[in-house]
Amino acid sequence: MRFSKTFIPTLRETPSEAEAVSHKLLLRAGYIRQLASGLYMFLPLGLRVMDKIHTIIREEMNRIGAQEILLPVLHPAEIWQKTGRWYEIGDEMFRLKDRTGRDMCLGMTHEEIMTWLASREIRSYRDLPQVWYQIQTKLRDEARPKSGIMRTREFIMKDSYSFDRDEEGLEQNYKLHIEAYNRIFTRCGLKFYQVESDPGMMGGATAHEFMAPSPAGEDDVALCDSCGYAANVELAISISPEVKFEDWPFEEVHTPGKKTVQEVSEFLGVGPEKFIKSLLYIGENGPVLVLLRGDQDLQEKKLERIVGQVRPAHKEEVQEVLGVEAGFIGPHGHKIRIIADEALKEGVYISGANKVDYHVKGLRPGEHFNPEWADLHIAKEGDRCANCGSTLRIERVIEIGNIFKLGTKYSEPLGATYLDDKGKERPIIMGSYGIGPARVAAAAVEQSHDDDGIIWPVSIAPFKVIILPLNMKHEKTLSVAEEIYRSLTDRGVDVLIDDRDERAGVKFKDADLIGIPLQVVVGEKGLKSGSVELKDRKTKERENIPLEQAVERITEKLKSLEAQLEV
RNA sequence: CGGGGCGUAGCGCAGUCUGGUUAGCGCACCUGCCUUGGGAGCAGGGGGUCGGUGGUUCGAAUCCACUCGCCCCGACCA
């Protein structure tokens, strides 16, 4: 394509609303524009990138036998009411009424509709398995859209759903999706991890996320480089560093005005790992006292998995429930439910004395208090791997894909059943699998850019090659550039030719900014010696190639770049 | 939803505290000349109801009230 005839509105300066690197660069390079909070338009370059990603996704989904279909975005409320999600989901669902007053909603995901389709069409075990997918718009009224196209209110999603007779079939499709996802993200040039994740409200037992490491992400994962353990910190298990305890006798110590673990730790000159941190939470079934080692923090998600939704107690509630001021709570002598992190099973600790301005020393679990034990602490850098004992690493990531084993969570309420070979009616066993193509694009930019702009992996670049005729008034420059453009186009290469009547500097800057992997510079300097210059956007390496070999060499170089992303 | 910040030309900003000619600057844009290997130069030019509404005042971008929008942190994230 011709630059002069393509809408590529590059910006010299970054619009002030952008914070994330991918947001800044995609705006500056003319890929996207914002319509309103969480609503983005994809301009020609942006759309080309999205199309490339979609194509890779389609190829790999088709390869595992998934079939593409397309469902509506507008859904009757009734189906969502049957699974209960109409009521469970709050403001995040866009709701509306049609002209007859019927309740409708905009699809945030499509489990309900896919399952509804399956419930009507699948009757026999002979119809199974099925894997259906779509690449389609989702709408979620996000509380806080952020980071450009990373978290938006309207976005395209590849969502697939597997329908099987039994758990074995589901396991099979789950594995196939893992293979497909690995191929997709590898082909898209991303660095990524597959981690264990919290199935959350999707239901079901097993779930994994595909995470692209980037400081711009919204999640943290715990990784063990030696055994490969990888999990979202929401559920990652870790062993806190071991502590050598002292054999303190049980005694009260005066700690005037010292409330937090840190304050008391400094005041007494004892490390925080020898403290018990007591936190009062209010749950659906009343208050819960949560105990952690002083050097640990609570992972609320873990607590919620045990007791349901919770919130920290207010100061007044602490006084009311425990009869002591917050800051001096101890684990002993309370009648409410107490749950402690397993790290506290052994040791001799200091904790609040349940008495203002006092702490107790020599507190022994099992002797002075008897809690329920659970894994409650948040895994942090330097903790040991629960699997193999090596040191864990915590990394910030962008969620680019997720996979869930759903079981019968949707098939049962929607009556999606089949008759097995004995004529018995059984619920279909389901799985659901998502990929956010816009996040794939954003993650690619986050992971691959420099001060000058984007550096696209060749597989998802809007064009693979950009030709830069430096002086449009120079006859030879023009004819050579056009000739290379034509030859490459004839060979089916995606080429952009910067045929604008701009100065060389402008063309260089824009080419770097929009991030096309290969630049072909056609200038008078090179032409004097009968050559053009081939520049690799990523390595910045330049090579002069004789005119007659130009097209050959460019395609060769392109092939070698492409080969790096092959799976 | 809680906390913070910001709305002045397409983009980046100054002016607002301390009200007072015709609201400025850089880039971009248009015309001409010139230039052509890293966002050139010169000359001329177009573009603003200062987010909106109401108020105070002789006078409001500037002060007050309400309101809308955008961004960041947190909560939430099926």
Side-chain angles (χ1 to χ4, degrees), chain A residues 9-20 23-24 27-28 30 33-40 80 83-94 105 107-112 138-148 150-153 155 157 159 197-204 207 209 216 218-219 232 234 300-301 304 309-312 399 402 404 406 409-410 432 434 436 439 451-453 468-475 477-478 498 500-513 519-528 531-533 535 540 542 544:
Chain A
T10 59
L11 300 170
R12 199 181 280 230
E13 281 171 291
T14 307
S16 58
E17 78 261 15
E19 186 87 5
H23 190 197
K24 288 181 182 170
L27 278 173
R28 274 196 61 209
R33 286 294 184 263
Q34 184 179 32
L35 171 65
S37 180
L39 299 175
Y40 283 84
W80 286 81
T83 62
R85 286 163 116 193
W86 177 264
Y87 311 103
E88 286 163 23
I89 297 169
D91 293 338
E92 209 170 319
M93 182 186 268
F94 283 107
C105 65
M108 354 182 13
T109 173
H110 281 77
E111 280 78 14
E112 274 77 0
K138 302 280 182 271
L139 290 125
R140 297 181 186 176
D141 197 355
E142 287 285 349
R144 182 147 100 83
K146 58 177 292 197
S147 306
M150 225 120 62
R151 184 168 212 88
T152 54
R153 296 194 292 172
F155 60 99
M157 183 171 172
D159 49 323
S197 72
D198 183 0
M201 295 287 285
M202 289 294 280
E209 288 163 329
E218 299 182 78
D219 287 284
N232 193 309
E234 286 174 11
E300 280 189 19
K301 289 261 159 84
E304 292 193 327
Q309 277 221 326
V310 293
R311 61 166 174 83
E399 181 185 348
N402 51 37
F404 299 90
L406 297 176
K409 179 175 159 110
Y410 297 92
S432 90
R439 285 191 177 174
D451 290 346
D452 294 317
L468 307 176
L470 296 186
N471 182 357
M472 294 299 287
K473 300 226 162 53
H474 186 248
E475 289 285 333
T477 296
L478 207 55
D498 192 347
R500 295 174 300 168
D501 188 14
E502 287 286 356
R503 296 170 58 84
V506 174
K507 295 191 180 187
F508 284 130
K509 286 287 181 192
D510 275 346
D512 286 348
L513 180 60
Q519 300 176 4
V520 177
V521 181
V522 184
E524 290 173 66
K525 208 159 85 184
L527 288 176
K528 271 183 196 151
S531 67
V532 293
E533 189 176 289
K535 184 184 163 193
K540 295 185 160 78
R542 300 152 187 266
N544 286 307

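Chain naming here is simple, since letters A, B, ... match the order of the sequence lines and numbering starts at 1 in each.
Atoms NZ (A:K24) and P (B:rG12) sit 12 Å apart, rounded to a whole Å. At whole-Å resolution of the value, CZ in A:R311 and P in B:rA75 are 16 Å apart. In this structure, A:E142 atom CD and B:rC70 atom P are separated by 14 Å, rounded to whole Å. As a whole-Å value, the separation of A:R153 CZ from B:rC76 P is 20 Å. Between the CD atom of A:E17 and the P atom of B:rG51 there is a distance of 16 Å, rounded to whole Å.
Considering only heavy atoms from C-beta on, A:P469 stays 4.5 Å or farther from A:H474 through its side chain. Annotation: side chain of A:N232 is not in contact with side chain of A:E399 (no heavy-atom distance under 4.5 Å).
For the side-chain hydrogen bond (donor to acceptor under 3.5 Å, both in side chains) test, no residue two or more places apart in sequence or in another chain qualifies with A:S147. A:D141 is linked by a salt bridge (charged side-chain N to carboxylate O under 4.0 Å, His left out) to A:R153, counting only residues two or more places apart in sequence or in another chain. Applying the salt bridge (charged side-chain N to carboxylate O under 4.0 Å, His left out) test to A:D501 and every residue at least two apart in sequence or in another chain returns A:K473. Taking the salt bridge (charged side-chain N to carboxylate O under 4.0 Å, His left out) definition, one finds that A:R28 meets it with nothing, sequence neighbours left out. Judged as a salt bridge (charged side-chain N to carboxylate O under 4.0 Å, His left out), and not counting sequence neighbours, A:K525 has no contacts.
On the C1' atoms, B:rG51 is 16 Å away from B:rU62, given to the nearest whole Å. Comparing B:rG3 with B:rU8, their P atoms are spaced 25 Å from each other, to the whole Å. Using C1' as the reference atom, B:rA9 and B:rG46 are 11 Å apart when rounded to the nearest Å. B:rG48 and B:rG2: their C1' atoms are spaced 36 Å apart (whole Å). For B:rA65 and B:rU57, the C1' atoms lie 16 Å apart once the distance is rounded to whole Å. Using atom C1' as the reference point in both B:rU16 and B:rG32, the two lie 40 Å apart (nearest Å). Going from the C1' atom of B:rG55 to that of B:rG47 covers 32 Å, rounded to whole Å. Here the separation of B:rC33 from B:rG38, taken at their C1' atoms, is 24 Å to the nearest Å.
Across all strands, A:A18 comes closer than 4.0 Å to no nucleic acid atom at all (heavy-atom distances). Within the nucleic acid shown, A:R28 comes within 4.0 Å of at least one base atom, counting heavy atoms only. Looking at heavy-atom distances under 4.0 Å, A:T477 makes no contact with the nucleic acid at all.
Across all strands shown, B:rU16 has no partner, as no Watson-Crick or G-U wobble contact with both distances under 3.5 Å is found. For B:rU22, there is no paired nucleotide, since no Watson-Crick or G-U wobble pair has both relevant distances below 3.5 Å. Across all strands shown, nothing is found opposite B:rG39 as a Watson-Crick or G-U wobble partner with both distances under 3.5 Å. Remark: B:rC6 base-pairs with B:rG69. Criterion, Watson-Crick or G-U wobble with two distances under 3.5 Å. With a cut-off of 3.5 Å on both pairing distances, B:rU57 has no Watson-Crick or G-U wobble partner at all. In a base pair of the Watson-Crick type (N1 to N3 plus N6-O4 or O6-N4) or a G-U wobble (N1-O2 and O6-N3), with each distance short of 3.5 Å, B:rG74 is matched with B:rC1. Both distances falling under 3.5 Å, in either a Watson-Crick or a G-U wobble arrangement, occur for no nucleotide opposite B:rU49.
Distances shorter than 4.0 Å separate some side-chain N or O of A:S37 from OP1 or OP2 on B:rC71. At the phosphate of B:rC73, OP1 or OP2 sits under 4.0 Å from a side-chain N or O atom of A:R144. Put simply, A:Q34 has a side-chain N or O that comes within less than 4.0 Å of OP1 or OP2 on B:rC71. Residue A:R12 places at least one side-chain N or O under 4.0 Å from the OP1 or OP2 atom of B:rA28.
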Worksheet entry | salt bridge (charged side-chain N to carboxylate O under 4.0 Å, His left out) between A:E111 and A:R85, intermediate numbers included | CA-CA 11 Å; A:E111 280 78 14; A:R85 286 163 116 193; 3.4 Å; yes
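The residue among A:A36 and A:E399 whose nearest nucleotide of RNA chain B is located toward the 5' end is A:A36. Remark on RNA chain B: of its neighbouring residues A:S16 and A:R500, the 5'-side contact belongs to A:S16, judged by nearest-heavy-atom nucleotide.
Within 3.5 Å, no donor on the side chain of A:E13 pairs with an acceptor on the base of B:rG10, nor the reverse.
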Worksheet item: Reading nucleotides 32-38 of chain B 5' to 3', which nucleotides get B (base under 4.0 Å from a protein heavy atom), which S (sugar-phosphate only), which -?
Response: ---BBBB
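Here A:L470 contributes atom CG and A:L527 contributes atom CG; the two are 9.0 Å apart, rounded to the nearest 0.5 Å.
In this structure, the nucleotide among B:rC13, B:rC72, B:rG39 sitting nearest to the side chain of A:L513 is B:rG39.
For the side chain to side chain contact (heavy atoms under 4.5 Å, CB included) with A:F155, the qualifying choice from A:K138, A:R439, A:M150, A:E142 is A:K138, the only one to do so.
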